[in-house]
Amino acid sequence: MLELQRDLEQVRKEAMTDGLTGLSNRKAFDAAIARVIEEANTEQKTFTLLMVDIDHFKTFNDNFGHQVGDQVLRLVARTVIEGVKGRDIASRYGGEEFAVILPETSLAAGVVVGNALRKAVATKDVINRSSGEKLGRITMSVGVAEFAPGEDTDDLIERADSALYTAKHNGRNQVAAAPAPAK
C-alpha cells in the first residue's frame with residue numbers, strides 16, 4: 001500500500017511538471033495562481049506576476065536547431081529557478097514563455113526580481129554541446145503586474161502580458177511594469 005501511495009504521488013508530480021525544463025507546467029501554474037489569488041483576497045495580501053519571454057527565440061531555434069533551442073529553454077529555466085526563492089512559483093507558461101508568481105511581493109520588488117533574472121540570463125553563453133562553439137547570448141523581456149484585490153486571473157495575466165509586449169516593443173531585454181487596473 002505504501003509503495004502504491006509513493007507511485008501515485010510520483011505520477012501526480014510528473015503530471016504537474018514540464019518534462020523539458022523541470023519547472024511547473026501550465027496546469028500547475030493555473031492551479032497555483034488560483035490558490036494565490038484566493039489567499040490574497042482572503043488575507044488582504046498582494047503578490048506580483050512576472051511574464052517572461054525569451055527574445056528572438058524562434059530565430060535562435062531556426063538557426064541552430066531544436067536541440068539547441070531545448071538547451072536554451074533549460075538554461076533559462078535553471079536561471080529562473082536559481083533566481084527565485086521560498087514560496088515563489090516558477091512555471092513554463094508555454095513555448096518560450098515563463099511565468100513567475102511572487103507571493104507577498106510589491107510591483108517595485110517584482111521589477112527588481114525581473115531585472116535580476118533578465119541580467120542573470122544575459123550573462124550566460126549558449127554553447128553548442130557537440131562542438132563546444134559559443135553560439136551567443138540570449139536575452140529576455142519581462143512584464144510585471146501586481147495583483148489588485150478582486151481582480152480575476154485572466155485580467156491579471158493580460159496586464160502582465162501587455163507589460164511584456166511593452167518591454168518587447170521598447171527594444172527587448174528589459175522589464176516593463178503594468179499600470180494598476182482601471183476601477
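All values reported here derive from a predicted model rather than from experimental measurement.
At most 12 heavy atoms of other shown residues, nucleotides or ligands fall within 6.0 angstrom of atom CD in Glu38. Counting non-hydrogen atoms of other residues, nucleotides and ligands closer than 6.0 Å to NZ of Lys58 gives a total of 12 or fewer. A 6.0 Å sphere centred on CD of Glu39 holds more than 12 heavy atoms belonging to other residues, nucleotides or ligands.
The distance from the CG atom of Asp55 to the CZ atom of Phe60 is 12.0 Å, given to the nearest 0.5 Å. Here the CD atom belonging to Glu133 is positioned 5.0 Å from the CG atom belonging to Leu135, to the nearest 0.5 angstrom. A distance of 12.5 Å separates CG of Asp18 from CZ of Arg26, quoted to the nearest 0.5 Å. Summarising the geometry, atom CD1 belonging to Ile54 is positioned 5.5 Å from atom CD1 belonging to Ile138; distances are rounded to the nearest 0.5 Å.
In terms of the side-chain contact (heavy atoms from CB on, under 4.5 Å) criterion, residue partners of Val36 (sequence neighbours excluded) are, by chain and number, Phe47, Ile89, Ile101. Shown here are the side chain to side chain donor-acceptor pair (under 3.5 Å) partners of Asn63, two or more places apart in sequence or in another chain: there are none. Listed by chain and residue number, nothing satisfies the side chain to side chain donor-acceptor pair (under 3.5 Å) test with Asp88 (two or more places apart in sequence, or in another chain). Among residues two or more places apart in sequence or in another chain, the side chain to side chain donor-acceptor pair (under 3.5 Å) test is passed with Thr166 by none. Partners of Ala120 according to the side-chain contact (heavy atoms from CB on, under 4.5 Å) rule, which considers only residues two or more places apart in sequence or in another chain, are Thr79.
Thr105 places no side-chain N or O within 3.5 Å of a backbone atom of Thr48 that could act as its donor or acceptor partner. The backbone N or O of Pro179 lies less than 3.5 Å from a partner atom in the side chain of Arg159, making a donor-acceptor pair. A donor-acceptor distance shorter than 3.5 angstrom exists from the side chain of Arg118 to the backbone of Asn173, with no hydrogens or angles considered. In terms of modelled atom types and a separation under 3.5 Å, the side chain of Thr17 and the main chain of Gly22 share no donor-acceptor contact.
A salt bridge links Lys124 with Glu82: the closest approach of a Lys/Arg side-chain nitrogen to an acidic carboxylate oxygen falls below 4.0 angstrom.
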For residues 68-76, please give each side-chain donor-acceptor pair under 3.5 Å, one per line with the distance, not counting sequence neighbours.
{"from": "Gln71", "atom 1": "NE2", "to": "Ile127", "atom 2": "O", "distance (Å)": "2.6"}

